[in-house]
Amino acid sequence: MTYGEFAAVRGVSFDVHDGDLVTIIGANGAGKSTILRSVMGLLRPRAGKILFRGEDITAEPGYLRARRGISLVPEGRRILPDLTVEENLRLGTYVLQDAGEVAAELERAYSLFPQLRARARQRGKTLSGGEQQMLAIARALVGRPRLLLLDEVSLGLMPTLVEQTFQTIKELYRQGATILLVEQNARMALSVATRGYVLETGTITLSGTAAELAADPKVKRAYLGG
Amino acid sequence: MALLEIEHLTKEFDGVTALQDVNLQVREGEILGVIGPNGAGKTTLFNCITGMFSPDRGTIRFRGEPIQGRRPHEIARRGIARTFQIVRPFPALSLTDNVLVAYGHRYYPRLGASTTASRTQASLQACHRLLDRVGMAAGHERAAGTLPLGFKKRLEIARALALNPSLLLLDEPSGGLRHEESQELLELIRRLNQEGITIVLIEHNMPIVMGVCRRLVVLDHGIQIAEGDPAAIQRNPQVIEAYLGKASV
Amino acid sequence: MIWQQIANGIATGAVYALTTLGLTMVYGVLRVLHVAHAGVYALGAYVGLWAFRATGSFWLSLVAAMAACALAGLLIERFLYAPLLHLPRIIPLIASIGLFIAMEEAFRIVAGPYALAYDAEVRFGSLALGPLRLTGPQTLILTVTLVLLGLLWLLLSRSKVGLAMRATAMDAEITSSFGVNTRAIIALNFLIGSAMAGAAGALIGVYDNQVWPTMGSVPAYKCLAIVVLGGLGNIPGSVLASFLIGLAETLLIGIVAIPFPRDALAFVAMILVLMFRPYGLLGKG
Amino acid sequence: MLSGYVVTVLITIGIYVILALSLNMITGYAGQISLGHAAFMGIGAYTSALLYTRAEFSFWPAFFVAGLVAGAVGAVLAIPCLRVREDFLAITTMGINFVVEATFLYVPFFGAGMGIGGINPPRLFGSEISKPGFLLLVTGVIAAVIAVDRWLIRSWIGLAWAAIREDEEAAGAMGIDVVRFKVLAFTLGSAGAGLAGSLYAHFLTFIMPVNFGFGQSIVILSMVVFGGIGTLRGPIVGAIVLGALPEISRPAMEYRTLLYGILLLMLMRYQPDGILGERSLLVRGWHALRQQAAPMKN
């Protein structure tokens with residue numbers, strides 16, 4: 001089954017299948033965030049189509065896509081600074097109707113990230129960068145998304161935290177989540193993903209299974225030239 | 001003597017370190033590339049040099065004189081010009097006027113001089129020459145906001161050149177450009193350098209960086225992790241790790 | 001004497017709080033200086049008065065004032081501000097001033113240029129807290145204000161919609177990515193803020209026992225000063241600033257008798273505070 | 001010959017033209033929103049009136065000193081305005097207006113609520129100038145203001161203002177001392193308002209604080225925005241149209257303020273650039289016409 005087909009500013013097309021962990025890698029400024037923001041509905045593509053579970057959602061505003069089950073961990077985390085950690089998470093459950101469900105999801109988030117439980121009543125802006133990243137991921141998860149979009153989650157994190165974050169992503173994938181991961185950190189992304197695309201200045205130049213890409217010297221060249 | 005010397009430069013925002021103890025020198029006449037993953041602190045470095053941010057610690061010397069903490073216009077008048085990562089031409093002004101604004105730097109400091117006519121034959125010709133020099137020979141009366149991105153970037157360079165700089169800081173000049181456009185820009189940068197302008201280049205487009213710079217400085221998380229010629233940088237395991245990440249999970 | 005002044009100050013502060021709340025809520029989500037908010041406030045007083053004449057019940061007239069103003073707020077957001085948001089700030093500001101002028105004139109033309117009596121004799125007990133004595137009308141104002149503030153606080157802090165409202169004010173784009181229809185939330189902000197202004201108008205009409213076309217003129221600008229003093233868009237800040245200014249006005253003018261107009265005091269305070277805190281008392285950059 | 005009534009209206013409009021042009025320097029050219037321009041008009045009017053009635057200055061020196069004092073106060077008050085931006089700036093200038101008006105109203109030196117009376121029209125060659133003479137004077141001042149306006153706009157100052165209006169940070173990076181040029185805009189604009197205030201005082205012969213309130217500032221700003229902010233023609237035409245409106249709409253006396261409000265509202269809603277701004281219907285239409293007349297110029 002196809003989750004999305006997307007043709008962006010420079011004719012980018014890709015798809016994400018149910019239960020898959022797909023990554024789009026590439027150096028900075030390649031246009032990775034633009035793609036994710038368009039999928040979420042925060043940007044309108046000038047041309048092209050976005051299909052979600054077979055339906056054309058290109059013209060739909062972001063909040064309706066969220067209600068369909070698309071969820072975003074934005075670049076720069078964008079934690080709501082004056083809301084508490086718990087309130088940030090509650091915002092993530094906005095699409096859920098049942099109070100019991102909400103409570104269960106919060107509980108799941110807290111058991112996944114025990115540090116957040118300890119800080120539940122603290123304001124978002126008081127968290128460290130790593131904690132904010134956890135919160136951003138947890139916030140995107142608690143709405144039970146069908147498709148999770150992760151935008152540069154390794155950005156600005158210390159290496160140990162990057163590893164920890166990727167462990168979490170891998171764990172989510174094992175539990176059955178469908179994930180589209182946009183990353184600069186290619187090795188890390190390819191080590192968890194099943195399939196990948198390499199984006200260079202707005203166009204996809206390589207694609208394949210994660211293992212193929214990891215072994216392809218062209219990937220390194222996409223970053224560092226040569 | 002180095003044209004620009006930076007020692008122990010440190011800048012924090014709300015407790016987060018954007019630059020930590022950066023030491024680097026820009027030599028007269030070179031093109032120095034500053035590279036590094038997103039969030040490495042490259043633009044912050046430019047903002048510290050040009051006076052938009054005041055560094056927390058460290059010194060920045062230009063031609064031997066300390067300039068850290070001075071205001072942007074003072075630094076610009078000393079001959080350090082810049083372009084912006086996200087282009088910022090003055091959108092409602094014509095191309096000529098955009099360049100003219102910077103050309104006026106020699107008139108602004110004194111009230112008497114600043115009341116003289118700006119659009120003289122001489123100043124207009126100088127601005128048109130600068131526009132020609134970056135490859136914009138026509139449409140000089142068009143509003144800058146209506147230009148396509150590639151030309152906005154050229155316009156920013158023309159504007160920077162009008163400051164008659166000895167040091168030019170270019171922040172991702174090829175960002176968002178198509179391949180051919182990037183190539184043309186590369187040529188332009190080379191040409192400007194041959195004409196005697198020292199250039200510091202922040203750039204993500206590696207073929208451009210590798211093609212135009214003899215020396216690179218790599219930043220990661222605000223720390224200077226490597227320095228050297230392109231080939232050495234490409235092989236440097238720390239740099240590769242900064243870009244591509246560690247493999248194991 | 002001083003206690004009586006304090007009582008007056010508290011009552012004044014309460015009305016300021018009700019009026020500025022709407023302004024600060026609107027600013028919080030739209031970043032528009034909504035001068036016409038004071039027109040909505042005066043509308044509340046007129047509608048309250050008419051409803052009182054029709055029904056004879058103060059409480060019904062209060063509800064009618066709030067309902068009418070909520071509707072007016074919705075229309076203003078939908079048809080005036082929404083299309084102007086992408087333009088330079090000065091455009092919606094001038095449009096708002098134009099609307100305010102037009103509203104004042106409309107009141108004058110429809111209801112006449114003179115002050116009308118709003119003599120709802122609300123039976124409301126006076127209140128004594130130690131030496132502090134609040135008259136019946138003062139108690140009424142303070143009670144209604146506190147009840148409305150309390151309800152708003154409950155809504156904002158305890159409900160799902162309130163969470164969405166606060167989140168929208170902080171970062172509308174990200175909030176929408178969690179399924180919140182931020183356009184509707186912004187409209188709701190207008191609705192609630194305008195209803196509060198309507199309540200304030202009706203209350204002040206009863207308190208002063210008069211309603212007149214330009215009753216919004218002074219609040220229009222003074223409330224902007226209070227909102228800025230509190231930190232534009234900051235709700236607790238604007239409540240705090242309202243009571244501070246209410247008290248300072250009555251105390252400084254009533255007790256110290258400095259030869260200074262009370263209506264300029266808010267601006268002096270605002271300018272002084274902005275010198276040291278460019279984003280107001282509780283605001284941030 | 002023009003009737004006395006028409007001359008009176010024309011003089012009033014002329015004074016508004018000066019006010020609108022001077023505000024346009026601050027808000028249109030340098031891009032700094034000011035909601036307190038009437039305060040500087042008031043400072044000029046009071047300076048002139050006090051010098052005339054108490055210090056026995058004649059009109060001419062009082063007129064120039066009024067401009068100087070208003071400009072100097074403008075320079076001083078620009079300093080708090082530099083600390084704040086955008087909406088905070090708008091409200092700060094509004095606050096300055098209220099505080100200045102309150103000072104006139106409550107300080108006995110300024111005549112308090114009674115204002116100042118007995119300010120005579122200027123004298124020339126030993127006799128008081130007539131109303132048409134005064135109109136000529138106002139026209140002369142307008143011409144001078146326009147000349148200064150053109151001169152500034154063609155100079156590096158005008159260019160620096162335009163850069164600041166468009167992008168303050170980028171302007172700094174181009175060697176422009178942003179603070180200095182902003183203060184210069186406030187100073188010159190306020191001085192212009194001071195000159196207009198002096199004319200106003202000597203025309204009306206008595207002044208009251210309410211003449212220089214926030215409402216007056218809004219009227220001036222509306223004229224600038226109505227005509228087309230940041231252009232020369234805009235404020236002039238705006239002042240003429242909105243200044244004449246109360247007279248033209250005399251038959252609709254009862255409704256004219258209402259119409260004024262609605263006019264502002266509708267204009268902002270449908271022609272936010274003003275009737276003669278660069279993107280307004282009229283100007284675009286004019287350009288289209290000219291291009292048809294002279295095709296292939298570019």
Side-chain angles (χ1 to χ4, degrees), chain B residues 46-47 50-52 71-84 86-94 96-120 123 138-145 156 159-160 162-165 169, chain D residues 25 28-31 71 75 82 147-185 187-188 191 228-231 234 272-274 277-280 283-284 287 290-291 296-298:
Chain B
F46 272 18
N47 284 336
T50 55
M52 298 213 164
R71 294 199 305 173
H73 66 270
E74 298 175 301
I75 292 172
R77 287 173 191 169
R78 280 166 191 251
I80 301 182
R82 73 173 294 175
T83 65
F84 294 93
I86 295 158
V87 283
R88 294 169 93 155
F90 303 113
L93 304 192
S94 68
T96 311
D97 281 0
N98 262 277
V99 180
L100 205 56
V101 165
Y103 186 78
H105 71 279
R106 60 204 86 187
Y107 300 97
Y108 301 132
R110 281 169 300 117
L111 193 62
S114 59
T115 56
T116 58
S118 57
R119 289 180 191 81
T120 60
S123 65
H140 291 167
E141 294 320 303
R142 183 172 170 181
E156 274 207 337
R159 202 172 62 169
L163 286 170
N164 203 8
L169 310 178
Chain D
M25 280 184 199
Y29 296 152
L82 295 174
V148 170
D149 183 291
R150 285 301 86 188
W151 173 45
L152 287 170
I153 280 313
R154 289 189 185 126
S155 77
W156 297 103
I157 293 173
L159 204 59
W161 283 344
I164 291 170
R165 176 189 70 214
E166 297 281 308
D167 186 334
E168 240 179 273
E169 272 198 348
M174 297 306 124
I176 293 167
D177 185 342
V178 173
V179 168
R180 187 171 149 180
F181 281 96
K182 272 193 192 175
V183 171
L184 186 64
T187 308
L188 293 176
I229 193 165
T231 62
D273 232 23
E278 277 309 316
R279 283 183 296 269
S280 66
V283 170
R284 276 186 303 176
H287 285 320
R290 277 205 341 185
Q291 279 192 351
M296 299 308 296
K297 205 198 151 198
N298 252 353

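Numbers restart at 1 for each chain; the letters A, B, ... are given by sequence-line order, proteins then strands. Here the structure is a predicted model, which means the values were calculated and not measured.
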Problem - Trace of the side chain to side chain contact (heavy atoms under 4.5 Å, CB included) decision for B:L111 with D:R180 - result: CA-CA 10 Å; B:L111 193 62; D:R180 187 171 149 180; 4.1 Å; yes
Practice task
Could you check B:V101 against D:E166 for side chain to side chain contact (heavy atoms under 4.5 Å, CB included), going step by step and ending with a plain yes or no?
Solution key: CA-CA 11 Å; B:V101 165; D:E166 297 281 308; over 6 Å; no
Problem - Audit row: B:F90, D:M174, side chain to side chain contact (heavy atoms under 4.5 Å, CB included) steps and yes/no - result: CA-CA 11 Å; B:F90 303 113; D:M174 297 306 124; 4.2 Å; yes
Practice task
Please assess D:R165 against B:L93 for the test side chain to side chain contact (heavy atoms under 4.5 Å, CB included), listing each intermediate value before the final yes or no.
Solution key: CA-CA 11 Å; D:R165 176 189 70 214; B:L93 304 192; 4.0 Å; yes
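D:I157 contributes atom CD1, which lies 5.5 Å from atom OG1 of B:T115 (distance to the nearest 0.5 angstrom). Here the CD-OG1 distance, from D:E169 to B:T50, works out to 9.0 Å after rounding to the nearest 0.5 Å. Atoms CZ and CH2, from B:R106 and D:W156 in turn, are 7.5 Å apart once rounded to the nearest 0.5 Å.
Only the backbone of D:I153 comes within less than 4.5 Å of a heavy atom in chain B; its side chain stays farther off. Residue contact with chain D, scored on non-hydrogen atoms closer than 4.5 Å, involves the side chain of B:R71 exclusively. When heavy atoms are compared at a cutoff of 4.5 Å, B:L100 approaches chain D by way of both its backbone and its side chain. Residue B:A113 touches chain D through its backbone alone, counting heavy-atom pairs closer than 4.5 Å.
Within residues 73-83 of chain B, the residues having any heavy atom closer than 4.5 Å to a heavy atom of chain D are B:H73, B:A76, B:R77, B:R82, listed by residue number.
By the 4.5 Å heavy-atom criterion applied to side chains, B:Y108 and D:L159 are counted as neighbours.
Of the listed residues (B:A138, B:G51, B:A102, B:P89), the greatest number of heavy-atom pairs within a distance under 4.5 Å of chain D belongs to B:A102.
By the ring-ring contact (aromatic ring centres under 6.0 Å, His included) test, B:H140 pairs with B:H128, sequence neighbours left out. Under the rule for a side-chain hydrogen bond (donor to acceptor under 3.5 Å, both in side chains), B:S114 has no partner lying at least two apart in sequence or in another chain. Applying the side-chain hydrogen bond (donor to acceptor under 3.5 Å, both in side chains) test to B:S123 and every residue at least two apart in sequence or in another chain returns B:T120.
In this structure, B:P72 and D:A173 approach most closely via the heavy-atom pair CB-N, 4.3 Å.
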